[in-house]
Protein chains: 2
Amino acid sequence: MKRIAESTVRRLSLYLGFLEDINRRGTTTVSSEELAKLGGTTSAQVRKDLSLFGSFGKRGLGYSVTELLERLRRIMGLERRWRVCIIGAGKIGAALAQYEGFSQRGFDVVAVYDSNPARVGEALGDLHVRDVAFFERDAESEKFDIAVLAIPARGAQKMAERVARAGIAAILNFVPGQLTAPPKVAMRTVNMAMELEALSFALTNRD
Amino acid sequence: MKRIAESTVRRLSLYLGFLEDINRRGTTTVSSEELAKLGGTTSAQVRKDLSLFGSFGKRGLGYSVTELLERLRRIMGLERRWRVCIIGAGKIGAALAQYEGFSQRGFDVVAVYDSNPARVGEALGDLHVRDVAFFERDAESEKFDIAVLAIPARGAQKMAERVARAGIAAILNFVPGQLTAPPKVAMRTVNMAMELEALSFALTNRD
DNA sequence: TGGAGCTTGTGAAATCATTCACAAACTTAT
DNA sequence: ATAAGTTTGTGAATGATTTCACAAGCTCCA
């Protein structure tokens with residue numbers, strides 16, 4: 001299959017959210033035009049995005065909501081649940097550990113680690129913070145799919161490499177600083193400072 | 001000045017981070033090739049990005065770290081400090097309110113709001129959670145530049161419009177669901193579920 | 001001073017992403 | 001059964017972004 005652009009994946013995820021809403025409302029059919037309007041894009045864009053994976057619609061009618069939901073879930077790999085561990089139990093890590101949005105979307109946070117002895121043992125929702133020294137041992141037995149990195153920049157690269165060596169192929173990166181994804185590891189970065197700076201730029205350079 | 005692509009702004013922010021590091025190390029000069037290597041891009045890209053704003057380098061030598069730092073700060077609007085309010089004192093909002101990274105980068109969190117009476121009055125670092133009913137009154141006197149929206153999807157669109165009406169022209173959006181930026185408002189969205197879904201996609205569709 | 005060696009700045013080319021536009025295929029109503 | 005009205009799927013056109021490639025300008029050293 002040909003390479004799918006990041007922007008496309010983003011939109012697929014959006015469409016999936018819309019379809020879930022639409023489905024809850026009981027509507028059974030949806031057109032590319034309706035999805036486009038919800039997502040602030042064009043109907044041609046929606047059709048192009050979907051056509052990369054096959055041809056799911058009916059001319060003259062649109063798409064079956066349940067079928068498209070099913071197809072998109074399969075495309076996105078969301079038919080199964082994913083096991084997530086969080087590394088770093090500071091403010092951000094702790095908030096993420098207790099964020100219900102993850103499990104609603106199919107991601108189960110099954111472990112939280114920290115290197116600070118003062119935090120180890122602390123309860124976060126159902127979980128207790130574990131010593132990161134046990135990370136490799138646990139990764140072996142608990143088969144984490146995704147690691148969320150919520151630690152300071154110092155030492156983060158080393159930790160990312162430990163994650164990769166432990167066989168985890170995906171990282172969600174909240175580290176405030178430069179981090180290079182180890183080879184073969186999919187990484188998505190959320191950098192709050194960068195987002196704020198983009199707003200600063202927009203406020204400064206608007207006409 | 002011509003429109004600057006979002007991807008360019010992202011990279012400028014990255015370069016700025018690198019330059020701060022480099023400057024701390026005491027290095028006085030840097031080449032586009034070095035910046036490129038740090039940022040995982042090409043030297044031509046770096047030069048193109050910078051050339052959109054002028055010509056800051058010296059052929060044969062590279063860029064003066066302090067000068068480029070100064071120029072980038074000005075371009076990004078980071079010579080001043082920005083006043084940020086956070087709306088929503090749940091897990092995410094509370095974590096953001098206490099995140100030191102913001103003030104380090106020039107963004108001062110000066111107020112936190114919530115609509116839940118149980119949370120109003122609660123201390124978060126130096127701040128106390130205020131009732132969102134007072135938001136418009138405060139916005140008038142406290143001149144917020146940026147609003148961070150960390151509330152549930154339900155009611156978020158209304159809140160975004162209140163923000164816009166209060167004269168705030170930039171929103172950092174953590175709302176887990178669809179939100180449309182009001183006219184004339186710059187908005188950046190951080191959607192954790194979407195990032196995880198992108199990882200799910202990558203894990204599912206890797207070769 | 002002059003030549004070797006770098007590195008910038010930038011048109012031109014290549015690549016990548018979005019939008020257009022329309023035939024084909026379906027639905028619905030009569 | 002037919003006609004009118006929709007909506008898909010997709011090549012082709014357009015637009016945007018990245019990469020190439022190289023002249024021009026600077027440093028450094030002899």
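Per chain, numbering begins at 1; letters A, B, ... match sequence-line order. Computed from heavy atoms alone, side chains included, the values below leave out hydrogens, waters and symmetry copies.
Partners of B:Glu34 by side-chain hydrogen bond (donor to acceptor under 3.5 Å, both in side chains), not counting sequence neighbours, listed by chain and number: B:Ser31. A:Tyr113 meets the ring pair (Phe, Tyr, Trp, His ring centres under 6.0 Å) test with A:Phe135; sequence neighbours excluded. With sequence neighbours left out, the side chain to side chain contact (heavy atoms under 4.5 Å, CB included) criterion links A:Glu140 to no other residue. Listed by chain and residue number, A:Val112, A:Asp114, A:Arg119, A:Leu124, A:Val129 satisfy the side chain to side chain contact (heavy atoms under 4.5 Å, CB included) test with A:Ala89 (two or more places apart in sequence, or in another chain).
Atom CG of B:Asp49 and atom C1' of D:dT18 are 10 Å apart (whole Å). Nucleotide D:dA16 holds its P atom 13 Å from the CD1 atom of B:Ile4, rounded to whole Å. The CG atom of B:Leu50 sits 14 Å away from the P atom of D:dT18 (whole-angstrom rounding). Across the protein-nucleic acid pair, B:Leu52 atom CG and C:dT8 atom P stand 16 Å apart, rounded to whole Å. For A:Phe53 and D:dT8, the CZ to P distance is 18 Å, given to the nearest whole Å. Rounded to an integer number of Å, the gap from CZ of B:Phe56 to C1' of D:dG25 is 18 Å. Taking atom CZ on A:Arg3 and atom P on C:dT15, their separation rounds to 14 Å, with Å as the unit. A straight line from CD of B:Gln45 to P of C:dT15 spans 16 Å, rounded to a whole angstrom.
Remark: A:Tyr63 is not in phosphate contact with D:dT6, judged by side-chain N or O atoms under 4.0 Å from OP1 or OP2.
Identified under the salt bridge (charged side-chain N to carboxylate O under 4.0 Å, His left out) test for residues 162-171 of chain A, with sequence neighbours left out: A:Glu136-A:Arg162. For residues 81-93 of chain B, the side-chain hydrogen bond (donor to acceptor under 3.5 Å, both in side chains) pairs, not counting sequence neighbours, are A:Ser200-B:Trp82, B:Arg81-B:Asp108. Here salt bridge (charged side-chain N to carboxylate O under 4.0 Å, His left out) pairs that include residues 17-26 of chain B, with residues two or more places apart or in two chains, are B:Glu20-B:Arg73, B:Glu20-B:Arg105, B:Asp21-B:Arg24. Note on residues 148-159 of chain B: pairs passing side-chain hydrogen bond (donor to acceptor under 3.5 Å, both in side chains), not counting sequence neighbours, are B:Gln157-B:Glu161. Within the structure, the salt bridge (charged side-chain N to carboxylate O under 4.0 Å, His left out) test picks out the following pairs touching residues 53-69 of chain A (sequence neighbours left out): A:Glu67-A:Arg71.
Nucleic acid contact class of A:Ser43 (heavy atoms, under 4.0 Å, all strands): none.
Listed in residue order, the members of residues 67-76 of chain B having a heavy atom less than 4.0 Å from DNA chain D come to none. Of the residues in residues 14-41 of chain A, none lies under 4.0 Å from DNA chain C by heavy-atom distance.
With 3.5 Å as the limit, one finds a donor-acceptor pair spanning the side chains of A:Ser43 and A:Arg47. Between the side chains of B:Asn191 and B:Glu195, no donor-acceptor pair is found at a separation under 3.5 Å.
Taking the side chain as every heavy atom from C-beta outward, B:Val109 and B:Ile86 approach each other to under 4.5 Å.
Residue whose closest nucleotide on DNA chain D sits further toward the 5' end, between A:Lys48 and A:Gly62: A:Gly62.
The side chain of A:Ser7 lies closest to C:dA17 when the candidates are C:dA17, D:dT10, D:dT18.
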Open item on the list: Output one letter per nucleotide in nucleotides 21-28 of chain C: B when a protein non-hydrogen atom lies under 4.0 Å from the base, S when only the sugar-phosphate is that close, - when neither is.
Closed with: B-BBBB--

